[in-house]
Amino acid sequence: MEFGGTGQAGNNVHKTFFGAIADDFTGATDLAGLLARSGVPVSLRMGVPETPPTDSSPFEIIALKCRTAPVEEAVSETQAALDWLRRAGAQRYFWKYCSTFDSTARGNIGPVAEALMNALGTDQTVYCPAFPENGRAIFMGNLFVGEQPLAESPMKDHPLTPMRDSNLMRLLRPQVTHPVGLVNRLVVAKGATALRGELQRLRADGIAHVVVDAVSNDDLHVIADACRDMTLMTGGSAVAMPLPKLWLEEGLICRDHAVGRARAEAGPAIVLSGSCSAMTNRQVSAYLASGHPGLRLDPLDLAEKGEGSAAEWLSSRSPDQTPIIYATAEPDEVRRAQERLGVERAGAVVEQTLAACAVKARDLGFRRFVVAGGETSGAVTKALDIRKLDIGSEIAPGVPWCFARTAGHEVAITLKSGNFGGEGFFTDALERLGT
Ligand code: ADP
């Protein structure tokens with residue numbers, strides 16, 4: 001290990017330098033994967049650890065499942081995460097949410113950011129969910145998904161957080177008590193000094209919440225450079241990507257050459273999909289078309305008859321065929337289930353069933369898990385009682401393989417958020433791990 005008090009950076013290095021809090025599990029693995037590209041050790045905790053930070057890494061990420069939780073609950077959970085990261089010695093903080101700014105009318109992006117700012121005693125933060133590599137760009141404060149404004153993209157039909165406005169300032173304003181502003185692309189294009197100057201000018205005007213435009217990776221570099229000393233940044237994972245290099249150059253953190261070398265026990269693989277995003281629909285179709293056995297879950301059936309038949313189906317499968325169990329469906333079908341059961345119950349029965357299937361699969365000897373869906377991943381890792389993930393190699397931008405312990409077994413798991421990965425993602429993931 002190179003990091004620590006005797007590393008190249010000298011005695012003023014804290015064991016943990018960067019502490020991030022993510023509002024869902026796949027968002028956390030996405031950030032972890034991008035940070036791990038730097039070769040600096042990254043630990044990902046599933047929920048706020050119950051024990052004090054004795055084994056913390058230079059980059060610590062705490063994954064919560066608070067995207068759609070009641071605001072008060074999200075704020076108190078993120079405060080607990082902040083306390084743990086502070087005790088680990090973090091010097092910079094990051095509030096990570098989805099690159100499609102997934103939130104409800106009340107939050108939780110704004111209220112959590114504001115509570116973190118209060119706790120950290122800072123009067124300004126930035127908001128940059130842009131992820132150009134994945135087609136998320138912000139221009140004049142409006143978020144685009146590919147070439148479509150957010151509110152015209154498939155996100156308008158998301159089961160839990162339908163996004164019906166593309167303007168980030170308009171989305172943010174009702175969520176916070178302090179003023180919201182924008183640094184637009186014309187300023188970002190002038191470079192880090194100009195951006196820093198504009199942020200200072202806005203701060204003098206009392207603007208606490210600043211949306212920052214970004215349409216390319218170069219813009220993200222400018223933003224990271226200008227904000228590298230900010231106590232708190234908020235955004236998608238991509239704006240954090242340039243930070244490790246900048247901090248490495250400053251000698252604030254060090255690399256460790258063993259990063260990503262963790263291994264899983266030998267054993268078959270399974271795909272579990274609870275995401276209904278447009279991309280996941282295509283991924284599930286492609287995977288089924290390539291001949292893998294699949295079980296489609298119907299929320300109405302599950303609500304009526306319970307999850308027993310899914311476990312039975314799994315037990316009767318030959319594990320080497322790498323089966324898929326999925327609730328993934330087109331928007332019309334999702335709406336039908338939601339009308340009958342309510343949004344929450346429809347989501348919950350699916351999540352519970354996929355979580356139970358993961359436990360059953362582990363007990364049957366499965367050791368590689370490909371999970372699609374942010375909420376779904378939260379439910380699956382919780383059921384498997386996975387508390388910590390070591391980050392391995394990336395499968396697609398923002399989606400790494402991770403290694404973890406569950407019930408005494410070393411397993412590999414990847415947690416893919418809805419729109420991530422290409423059409424062949426499931427097969428790519430399994431090939432990458434050598435299945
Ligand atoms: P994503 O990453 O695409 O947002 P999530 O897992 O976070 O995926 O969210 C999808 C939500 O939709 C989950 O709560 C899941 O249980 C629910 N869901 C999945 N399939 C269906 C379905 N067929 N009908 C209704 N809700 C569903």
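All ligand and atom numbering here is 1-based and tracks the order in the structure.
At the shortest separation from atom 13 (C) of ligand 1 among protein heavy atoms lies Glu351 OE2, 3.5 Å. Nearest protein neighbour of atom 7 (O) of ligand 1, counting heavy atoms only, is Glu375 N, 2.7 Å. For atom 27 (C) of ligand 1, the closest non-hydrogen atom of the protein is Cys276 SG, 4.0 Å.
Side-chain contact of Ser216 with Asp218: a donor-acceptor pair under 3.5 Å is absent, judged by distance alone. Defined by atom type and a distance below 3.5 Å, a donor-acceptor pair is missing between the side-chain atoms of Ser377 and Thr26.
Per-residue contacts place Gly418 under 4.0 angstrom from the following atoms of ligand 1 (heavy atoms of the residue considered): 1 (P), 2 (O), 3 (O). Close approach to Val350 involves these atoms of ligand 1, each under 4.0 Å from a residue heavy atom: 16 (O), 19 (C). Each of the atoms 23 (N) of ligand 1 lies under 4.0 Å from some heavy atom of Ala329. Near Gly374, meaning under 4.0 Å from one of its heavy atoms, ligand 1 places the atoms 1 (P), 2 (O), 5 (P), 6 (O), 7 (O), 8 (O). For ligand 1 and Gly347, the ligand atoms under 4.0 Å from any heavy atom of the residue are 14 (O), 16 (O), 17 (C). Counting the atoms of ligand 1 from 1 in the order shown, those under 4.0 Å from a heavy atom of Val334 are 24 (N), 25 (C). Heavy-atom contacts of Pro299 reach the following atoms of ligand 1: 22 (C), 23 (N), 24 (N) (cutoff under 4.0 Å).
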Check your understanding: Hey, mind stepping through Gln124 and Met230 against side-chain contact (heavy atoms from CB on, under 4.5 Å) and telling me if it holds?
Key -> CA-CA 9 Å; Gln124 191 180 61; Met230 257 190 172; 3.9 Å; yes
Practice item. Apply side-chain contact (heavy atoms from CB on, under 4.5 Å) to the pair Lys382 and Met46, showing each step before the final yes or no. Key: CA-CA 8 Å; Lys382 194 165 178 200; Met46 315 310 272; over 6 Å; no
**Study point:** Derivation of the salt bridge (Lys or Arg N to Asp or Glu O under 4.0 Å) call for Arg185 and Asp213
**Key:** CA-CA 5 Å; Arg185 175 85 211 306; Asp213 275 357; over 6 Å; no
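Counting heavy atoms under 4.0 Å from ligand 1, residue Glu333 does not touch it at all. The proximity of Ala337 to ligand 1, defined as any non-hydrogen pair under 4.0 Å, is limited to the side chain.
Cation-pi geometry between Arg317 and Trp313 is satisfied (NZ or CZ under 6.0 Å from the ring centre, within 45° of the ring normal).
Geometrically, ligand 1 and Thr376 share a nitrogen or oxygen pair separated by less than 3.5 Å. Between Ser417 and ligand 1, no pair of N/O atoms sits closer than 3.5 Å. Below 3.5 Å of separation, one finds an N or O of Ser275 facing an N or O of ligand 1.
For atom 18 (N) of ligand 1, the nearest non-hydrogen atom from the set Gly274, Gly373, Pro154, Pro159 belongs to Gly274.
Formation of a donor-acceptor pair under 3.5 Å by the Ser153 side chain with backbone atoms of Met155 is found in this model. Looking at Glu431, its side chain never comes within 3.5 Å of a backbone N or O of Asp428 through a donor-acceptor pair.
In this pair, His209 and Tyr127 present their aromatic rings tilted. The plane angle is within the 30 to 60° band. Under the 30°/60° scheme for interplanar angles, the aromatic rings of Phe18 and Phe94 are found to be tilted.
Distances shorter than 4.0 angstrom do not occur between any heavy atom of Lys416 and any atom of ligand 1.
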